[in-house]
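Below: the structure, in structure tokens.
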Amino acid sequence: MKPYLEHLTVTDDASWAMLNRRLDDAIPFQWHHHPEYELTLTLNSRGQRFIGDHIGEYDDGDLVLIGPYLPHTWSSIDKPDPNQPHIALVMWFLPDWAEHLTAKFPELRSTGAMLARAAAGLRFSPATSAAARPLIETLFQRPPTERFLLLLQVLSLLAADRAATPLAATAPNTTSPTAERTRIDRVLDHIHQNFAEPLTIATLADIAALSPSGLHRTFLRHTRQTVSQYLIRLRIGRACALLSSTALPVGQIAGDVGYDSLANFNRQFKALKGATPRQYRQAFL
């Protein structure tokens, strides 16, 4: 698993970043976040997307906008065309970049409102995604100036989508002081790299250089969840990916994501997903 806080780089001739990601085997489960907005068009792939506390299915042409510091990943199950790779066309831009544009140009006010809604993630309607797809595919083939103008065109198109669907129930707190965010990023990095191992508040508090009570307050302020709630959602989310994409026994999956007790795993899974692990898996058969 990659480090939790992803660091992105921008080329000298651009003000935002992009990636044409092509994977022959699969889109792996790599839970991460970053300070940029992320717009991702997924092609020739189907599986599950995990965005904050949202777990949902995606298919070819899925288009999603994710707000800053919102944890996310995709996990593929198969490809509509087995002879072609999974494709993710990804565009990243910082909040300051967007704020400067939307503040200076009245024409982009609706785009600013959409970005505010994207704090917890937005999935665009099939019709809008289909309309944006050729623009995004063209964008990746153009020189920097044309790419920039096409990105603005795409964002304006998306801002008009009244059927865009919110994804996560809560959005991360992006106004935390830098020092506080650094502490929490260290904790989140450790949780995401070791979520299947026993984790104690004392250990996480040491990583954050805080008292246990200080960690509790800071973590809750940043993620709007307790450490325990966050860890349960992460473990259950990973279990969902394994249940839908592998034939591993439920008991083995429970152990692989950090549960010593199968009964506890089943109880927490049903509380979060409204179905038992076996019922959840049955939906993908």
Side-chain angles (χ1 to χ4, degrees), residues 1-51 56-68 70-95 97-98 101 111 114-115 118 121-126 128-159 161 164 167 241 245:
M1 182 176 290
K2 288 184 177 179
Y4 179 78
L5 180 62
E6 186 173 64
H7 297 279
L8 307 172
T9 57
V10 177
T11 60
D12 292 337
D13 60 357
S15 58
W16 54 284
M18 56 189 284
L19 175 65
N20 185 340
R21 191 183 192 195
R22 294 171 178 264
L23 298 167
D24 290 325
D25 295 330
I27 297 177
F29 185 96
Q30 294 175 327
W31 190 249
H32 63 287
H33 75 178
H34 39 70
E36 294 85 357
Y37 285 95
E38 177 179 316
L39 179 63
T40 295
L41 173 64
T42 310
L43 304 174
N44 194 44
S45 184
R46 61 172 60 102
Q48 289 181 301
R49 74 172 101 73
F50 303 79
I51 298 174
E57 297 177 37
Y58 76 88
D59 209 325
D60 177 63
D62 186 64
L63 183 59
V64 170
L65 178 62
I66 300 166
L70 182 62
H72 58 278
T73 189
W74 279 250
S75 180
S76 62
I77 295 173
D78 61 18
K79 299 182 288 185
D81 184 348
N83 297 316
Q84 298 297 320
H86 300 268
I87 300 172
L89 301 180
V90 190
M91 295 140 278
W92 296 282
F93 48 91
L94 284 163
W97 181 92
L101 288 173
T111 299
M114 174 190 65
L115 294 174
L122 279 178
R123 176 186 180 271
F124 296 98
S125 66
T128 296
S129 300
R133 178 171 179 166
L135 295 174
I136 294 173
E137 291 178 317
T138 300
L139 177 155
F140 275 77
Q141 303 168 10
R142 293 290 188 259
T145 301
E146 293 182 36
R147 286 201 303 261
F148 172 74
L149 295 175
L150 277 169
L151 178 59
L152 294 185
Q153 186 178 348
V154 168
L155 293 175
S156 294
L157 172 65
L158 301 183
D161 186 3
L167 295 176
S245 62

Query raised in the report: Are any non-hydrogen side-chain atoms of R147 and W16 less than 4.5 angstrom apart?
Result: yes
Query raised in the report: For D13, does the CG atom have more than 12 heavy-atom neighbours from other residues, nucleotides or ligands under 6.0 Å away?
Result: yes
Query raised in the report: Quick one: does L39's side chain get under 4.5 Å of F124's, heavy atoms only?
Result: yes
**Report entry** Under 3.5 Å donor-acceptor, N44 side chain and I87 backbone
**Finding:** no
Query raised in the report: CD1 of I51 to CH2 of W74: how many Å apart, nearest 0.5 Å?
Result: 4.5 Å
Requested in this report: Taking the side chain as every heavy atom from C-beta outward, state whether L43 and Q84 have any pair of such atoms under 4.5 Å apart.
Outcome: no
**Report entry** Straight-line distance of L157 CG to T111 OG1, nearest 0.5 Å
**Finding:** 10.0 Å
Query raised in the report: For the residue pair P28 and T73, what are the closest heavy atoms and their distance?
Result: O-OG1, 3.7 Å
Report task. Hey, could you give me the CD/OG distance between Q48 and S76, rounded to the nearest 0.5 Å? Result -> 10.5 Å
Requested in this report: Given side-chain contact (heavy atoms from CB on, under 4.5 Å), test M91 with V154 step by step and report yes or no.
Outcome: CA-CA 11 Å; M91 295 140 278; V154 168; 5.7 Å; no
Query raised in the report: Are L63 and I136 close enough that some pair of their side-chain heavy atoms sits under 4.5 Å apart?
Result: yes
**Report entry** Closest non-hydrogen atom pair between P68 and P95, with its separation
**Finding:** CG-CG, 3.5 Å
Report task. Would you please name every residue forming a ring pair (Phe, Tyr, Trp, His ring centres under 6.0 Å) with Y37, sequence neighbours left out? Result -> F93
Query raised in the report: Do L101 and L152 come close enough that some side-chain heavy atom pair is under 4.5 Å?
Result: yes
Requested in this report: Considering non-hydrogen atoms only, spot the tightest contact between W97 and L155 and give its length.
Outcome: CZ3-CD1, 4.3 Å
Query - Backbone of D24 reached by a side-chain donor or acceptor of H86 within 3.5 Å - result: no
Query raised in the report: If only atom types and distance count, is the side chain of H34 paired as donor or acceptor with the main-chain N or O of H32 below 3.5 Å?
Result: no
Query raised in the report: Do P85 and L23 come close enough that some side-chain heavy atom pair is under 4.5 Å?
Result: no
**Report entry** Spatial distance of atom CZ (R49) from atom CG (D59) [nearest 0.5 Å]
**Finding:** 10.0 Å
**Report entry** SB check R46 D78 (cutoff 4.0 Å)
**Finding:** yes
Report summary line: Output for pair (M114 CE, L65 CG), nearest 0.5 Å, gives 5.5 Å
Report task. Tell me, please, which residues at least two apart from E57 pass side-chain contact (heavy atoms from CB on, under 4.5 Å). Result -> F284
Requested in this report: Would you check, one step at a time, whether the test side-chain contact (heavy atoms from CB on, under 4.5 Å) holds for Y58 with I27?
Outcome: CA-CA 12 Å; Y58 76 88; I27 297 177; 3.8 Å; yes
Query raised in the report: Taking only residues two or more places apart in sequence or in another chain, which ones pass salt bridge (Lys or Arg N to Asp or Glu O under 4.0 Å) with R142?
Result: E146
Query - Atom pair CG (D60) and CG (D81), whose distance is rounded to the nearest 0.5 Å - result: 10.0 Å
Query - Closest contact, heavy atoms only, A164 versus L122 - result: CB-CD2, 4.3 Å
Query raised in the report: Within the distance-only criterion (no hydrogens, no angle test), does the side chain of D62 pair as donor or acceptor with the backbone N or O of T42 below 3.5 angstrom?
Result: no
